[in-house]
Amino acid sequence: MINFRDKNLIPIWEKVQRGEELSFEDGITLYKSSDIISIGKMAHWLQREKNGDAVYFVVNQKIEPTNICVLSCKFCDFAVKKNSPEAYEMTIEEILSKLHPELLEVHITGGLHPDWEWEYYVGMVREIKKHFPKIDVKAFTAVEIDFFSKKFKKSIEEVLLELKEAGLRTLPGGGAEVFSERVRRLLFNQKIGAKRWLEIHKKAHELGIRSNATLLYGHIETIEERVNHFLLLRNLQKETGGFLSFIPLAFQPGDTGIKPRNQFTSAIDDLKTIAISRLMLHNFDHIKAYWIMLTEELAAVALNFGADDMDGTVGGERIAHDAGAITPMQLAKNKLIKIINDANKIPVERDIFYKPVRLHSNNVIGRVSYLNTLPFFKYLDNREYKIFPATPRQLGMLFKDGNIDAGIVSLVDFFEKENDFTYLKYGIVGNKNVKSVLLYSKFPIEQLDKKSIAVTDETSTSFRLLQVLLELKYGLDVVYVREKISAREKTLPNFDAFLTIGDEALKFLKNKLDGFNYIYDLAQLWYDWKNLPFVFAVWAVKKDLPQTKIDALDKLLNDALNKFFSSTTEIEEYYNVKIGFTQKEIQDYLNNIVYRLGEKEIQSISLFKEYYQTLLLKHSEEEKKVKLSH
Ligand code: V47
């Protein structure tokens, strides 16, 4: 697949495909290699494994409340002292006046002001949430959090919790610079070092505040220092899973005196650093091409070198501009959309947690991002469509809003769009069981009455199937709580049972959770009850697509399935590591799933639809009863 000019990269490629961690030496080999195209191709492969053709952006605004800073970091062209003619300070009212309701994210970071009170910072977050409840606040780097802790004599935990209480959702990734004591001493000796930065992010993750991470490169750091930086971030991510994205920041020399004003990082170094960060940080979901510092043109190329996020509209960015970045102050949303479409990717408007809000592209196929859809996609010989992977629930929402032309859609979401969509005779079906839709319970199922069940936030149909079973088959009354479900979640033991689906469910099969001794496969429960397979999802297509296009898609899917099940090629080892299954276990799992809808499947769809409607009716009557009794 990749024609390596530098053969030293081949063992690295093998590791990447197996989903294995790259070593420090691998990082150095990558940096020393001049085979930039192969490095980019490896990174692009991993990017597509993780995010398909999606490239994310958020409608956001950057606010820098002040440029007055008690520190004097050599690389920073933004900060000034209080008596400088360029010094400015914003009031909370001024900050509010810069926001508007269409924004989904505000990114706040600024100088370490010598006089401001703690209440100003908490008040800022609180007032933003009060006036703009839809805007998520990403604010204050670890450097600022450390400063608050020392200045206001609070622990890191107290600072973070008070900000969280006020409405802070995430921490930005700034202030990491490069994790090297040598560079710190030379360029920013008053600023926190690696240990403290990592400690603060770890604490934030523990408190449920997610964050980003950055690397400032292209000044005096060595490649060894860059690679070491990746390893430290990757280790913390392994521990907490709290990082959302990584942003390599290309150094803008400006008037810093560190490098001549016009000596920007080379495009080759930028692309290499993006690609190598994608490869080294295999446990980060997203890598940002920060166009403000890279330029729009280079950011566009980076979308084929491992980056899957362009940050956002970033109205009002100053740090980079004061140091001489050449991109315009405001790149309108439409421009971002155009850049992403031109790179043959899907512009995905997102919120702060990467929930897709809107797709800005035609010819998009939705893919449930689980192993069980691999038979459709491994050999999909497709030049026409772009692939958007997401959870069933997210895809359902996008289908409902008309964002997707075709793809795998959860059955109950399809029911709601039957006027606009039809289905091809393909789907994801649990024959007698499915193995990846599981209820883990502390009690036998019949004893779950009045108990609380955590339900993964990824599901649409499995949740409804669970309700049909518990309420209509067993006659139970249960409290459901939507949760993020993974083996890492510390809150799971508080529930009496939990519903997990997809790859996460498969992982639970390998790592049982203490106390949850009853495991129910929902497809099995349905089969035992109705003697029918259960159809979790169908391949839907928009009715208004030309028939020739629909037929062509049908043929593509048919060919893809035939090729998958007749070939003896091994499934990507990538999944072995991701899920912890052996090749044989993966083969057995996929062979057990039915991908073509026959008579029994179609009968099962109609039957489930009746139960689903009965369930909705029952719920709306219960709601009426509650209203009447008030
Ligand atoms: O920490 C300072 C860097 C960072 C220069 O979390 C410079 O989503 C280049 O962290 N040239 C702030 N860089 C920006 C930042 C960021 C940006 C975009 C998204 C996110 C996120 C975070 O800017 C600082 C510092 O490392 N910086 N001076 C300079 N002359």
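Atoms within a ligand are numbered from 1 in the order they appear, just like the ligands themselves.
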Between the side chains of D401 and R358, is the shortest nitrogen-to-carboxylate-oxygen separation below 4.0 Å, so that they form an ion pair? no
Which of the numbered atoms in ligand 1 are under 4.0 angstrom from any heavy atom belonging to [X]?
X: H107; result: 16 (C), 19 (C), 20 (C), 21 (C), 22 (C)
X: T214; result: 10 (O)
X: G174; result: 1 (O), 10 (O)
X: K288; result: 8 (O), 21 (C)
X: F75; result: 2 (C), 28 (N), 29 (C), 30 (N)
X: P172; result: 6 (O)

If we ignore angles and hydrogens, is there a donor and acceptor under 3.5 Å between the side chains of [X] and [Y]?
X: H113; Y: E89; answer: yes
X: N51; Y: K345; answer: no
X: E225; Y: S180; answer: yes
X: Y56; Y: D311; answer: no
X: K74; Y: T256; answer: no
X: H360; Y: E349; answer: yes
X: Q17; Y: W45; answer: no

Let me see the working for F284 and N212 under side-chain contact (heavy atoms from CB on, under 4.5 Å), right down to the final yes or no. CA-CA 10 Å; F284 276 61; N212 296 329; over 6 Å; no
Does [X] approach ligand 1 within less than 4.0 angstrom via side chain, backbone, both or neither, non-hydrogen atoms only?
X: F251; value: both
X: F78; value: neither
X: D311; value: side chain
X: A250; value: backbone

Flag [X] as yes when one of its N or O atoms lies below 3.5 Å from any N or O atom of ligand 1, and as no otherwise.
X: N212; result: yes
X: Q252; result: yes
X: L216; result: no
X: K138; result: yes

Please state whether [X] comes within less than 4.0 angstrom of ligand 1, counting heavy atoms only.
X: G175; value: yes
X: D77; value: no
X: I247; value: yes

Is the F75 ring parallel, tilted or perpendicular to the H219 ring (thresholds 30°, 60°)?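 Ring orientation, 0 to 90° scale: parallel.
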Can you classify the ring geometry of Y121 versus W118 as parallel (below 30°), tilted (30 to 60°) or perpendicular (above 60°)? tilted
